[in-house]
Amino acid sequence: MTLEAPTSTTEIVVLDPVTGEVASTTAVATPEQVHDAVSRARAAFPTWSRTAPADRGALLRTAAEHLRAHADELAALNTLETGKTPGDALGGVEAGIGTLLQDAELGPLHRGEALRGQHGAADWTIPHPRGVVLALTPWNDPVAVALGILGAAVVTGNTVVHKGSERCPATIARLNELLAEVLPDGVLVGVDGDATTGEAPLAEHGIAVYAHVGSTATGDRLAAVATSTRAHVIRENGGNDAIVIDADVDPVWAAGQAALGAFANTGQICTSVERVYVHRAIAQEFVTALVAEADRRTASPATEYGPLVDERLRTTVQQHVDDAVARGASIRTGGVVPEGSGTAYPATVLTDVPDDALALTEETFGPIAPVRVVDSFDEGLRLAAADHYGLAATVLTNDTGAALRAAATLPVGTVKVNAVFGGAPGGSAEPRGASGAGFGYGPHLLDEMTTTTVVHLEAATARATTRDADTIDAPDTVDAPCTAAAEGFDR
């Protein structure tokens, strides 16, 4: 039986998702502490924004190496609070460190553009830091995602107030503490707490950017507040990512891709596969292989296939499964809350899932693979596109034309062809619809963290004094235009 976390207005108690025992207890920041955090960040901004970009980059490199020395500690805290497997937790820390090092190099190179204007004039653009950034970051890969936002904000000259998810407060508190040990006072200020704590800075004067990764509801709230505060909003929110599988691919290979997308990190990834559309010609073999992949993961040790983060999320996952079954879907494997402590949940495959089931219309954020059989690849594309989210999608096909149609028609920020995860280093993507707006990671995030001034420069027309004119020998004879010019100059 899983223990229920105590309710408190002064502290957050997180339970270990594996054992159900207390994992961490973190004090909630008071309103006065939130106000002080924003004030410190505002006070630090003028000096930090004028610090040379190369010096900011050097400090970020030092911060990255400082985190590297504490990588095992951060990963262990992450595993304890969220149940993320040790390998994935350490991988997330290392990915975050890599992002800091990338930002340390990109920051000093972040530049404006030279523009072609009229002869004798110069035009160019200058990026400026926006000010104080309120960073609100999630729990599912807390170190990697947080460092992606914090690095871009800091290296471009902004200061940051950072509040992480209440589902991993000790992990985020330690991360903030380690960064603050390297950065100048006020450049990064952490606040710990719950949703109320995250709401408090919105009433504070002088926050220039809301940078958020998390639920669509919170992202919508930030966007609404920004209409009055005029803060710039960067948000990567929920997703309901589809995978569309053509008839011309190997069904066993396709099942491996779908399983990786749906079950990695127990389905708790922003770009997890949430909907599966498979061509009827290979559906039977595909489902058989997908069930085998799900069973293999469920039988794996907790170090390879972890639990859900908490009971609240497990309840949501089970509700989506129950809803699908009530609407006519079949459970091919999984779909039942296991006995015992913690918040484990089996990798689950559903078939005959109707289009109006919650498992297909909403983000489940759990290890559920709802399968919908389609009669053509284009039918799968149509169903994949009929969604209010717009984060990412995957297509598996050997037909180049089909892949090009997918890229042209799917209304999402990222279209992946023949691989559910991956991408070139330095990539950026912009979500659509309920999934948010703005480039939330990669080099383009540096652009989001800055505002641009356009400069137009022409040489001033000199006006000489009488003394200057006396030094000029006028010609004995001049024509009328020259005389007029000389008289004008003489004035």
Side-chain angles (χ1 to χ4, degrees), residues 239-265 267 269-297 329-330 332-333 347-355 359-360 364 367-387 389-432 435 442:
N240 193 24
D241 293 4
I243 184 170
V244 182
I245 304 165
D246 208 351
D248 62 355
V249 300
D250 175 57
V252 176
W253 169 77
Q257 285 290 307
L260 177 62
F263 306 140
N265 198 33
I269 301 176
C270 297
T271 54
S272 289
V273 168
E274 299 271 347
R275 297 177 288 153
V276 180
Y277 298 103
V278 60
H279 197 290
R280 189 176 301 279
I282 62 169
Q284 184 174 348
E285 293 175 90
F286 169 83
V287 170
T288 299
L290 183 59
V291 168
E293 289 280 354
D295 291 343
R296 180 176 66 81
R297 283 169 169 79
S330 300
R332 301 298 295 268
T333 189
T348 298
V349 177
L350 304 174
T351 57
D352 303 316
V353 182
D355 293 333
L360 289 180
T364 302
I368 308 300
V371 179
R372 167 77 153 80
V373 176
V374 294
D375 291 316
S376 69
F377 182 79
D378 285 337
E379 182 189 2
L381 285 186
R382 178 181 61 78
L383 292 169
D387 190 66
Y389 292 100
L391 193 56
T394 302
V395 296
L396 306 181
T397 180
N398 285 309
D399 184 340
T400 302
L404 291 173
R405 289 199 306 279
T409 60
L410 289 173
V412 297
T414 303
V415 174
K416 296 166 284 187
V417 180
N418 296 332
V420 291
F421 296 130
S428 298
E430 189 171 17
R432 318 273 180 85
S435 292

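Counting begins at 1 with the first residue of the sequence.
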How about [X] and [Y]: do any of their side-chain heavy atoms sit closer than 4.5 Å?
{"X": "Val371", "Y": "Val353", "value": "no"}
{"X": "Thr394", "Y": "Val244", "value": "no"}
{"X": "Thr271", "Y": "Thr414", "value": "no"}
{"X": "Asp399", "Y": "Phe377", "value": "no"}

Answer yes or no: does atom CZ of Arg297 have more than 12 heavy-atom neighbours from other residues, nucleotides or ligands under 6.0 Å?
->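 Above 12, so yes.
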
Please test Val278 against Val374 for side chain to side chain contact (heavy atoms under 4.5 Å, CB included), starting from the C-alpha separation and ending with a verdict.
-> CA-CA 6 Å; Val278 60; Val374 294; 6.0 Å; no

Between [atom1] of [X] and [atom2] of [Y], what distance do you get to the nearest 0.5 Å?
{"X": "Asp241", "Y": "Leu391", "atom1": "CG", "atom2": "CG", "result": "5.0 Å"}
{"X": "Ile269", "Y": "Glu274", "atom1": "CD1", "atom2": "CD", "result": "10.5 Å"}
{"X": "Leu290", "Y": "Thr348", "atom1": "CG", "atom2": "OG1", "result": "10.5 Å"}
{"X": "Arg275", "Y": "Leu360", "atom1": "CZ", "atom2": "CG", "result": "7.0 Å"}
{"X": "Thr333", "Y": "Leu350", "atom1": "OG1", "atom2": "CG", "result": "10.0 Å"}
{"X": "Gln284", "Y": "Thr351", "atom1": "CD", "atom2": "OG1", "result": "11.5 Å"}

Heavy atoms only: give me the nearest [X]-[Y] pair and the separation to one decimal.
{"X": "Ala406", "Y": "Val415", "value": "O-CG2, 4.2 Å"}
{"X": "Gly413", "Y": "Ala429", "value": "O-CB, 3.9 Å"}
{"X": "Ala359", "Y": "Pro370", "value": "O-CG, 3.6 Å"}
{"X": "Ala259", "Y": "Glu293", "value": "CB-CB, 3.6 Å"}
{"X": "Ala258", "Y": "Val273", "value": "O-CB, 4.4 Å"}
{"X": "Phe421", "Y": "Ala264", "value": "CE1-CB, 4.2 Å"}

Which residue pairs satisfy the side-chain hydrogen bond (donor to acceptor under 3.5 Å, both in side chains) criterion with at least one member in residues 242-263, sequence neighbours excluded?
->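 Only Asp246-Thr397 qualify under side-chain hydrogen bond (donor to acceptor under 3.5 Å, both in side chains).
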
Give a yes or no on whether the backbone of Val412 and the side-chain of Arg432 come within a donor-acceptor separation of less than 3.5 Å.
->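 Here the side-chain-to-backbone pair exists.
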
Can you name the side-chain contact (heavy atoms from CB on, under 4.5 Å) partners of Pro367, sequence neighbours left out?
->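 side-chain contact (heavy atoms from CB on, under 4.5 Å) list for Pro367, sorted by chain: Phe263, Thr266, Tyr305, Leu308, Tyr345.
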
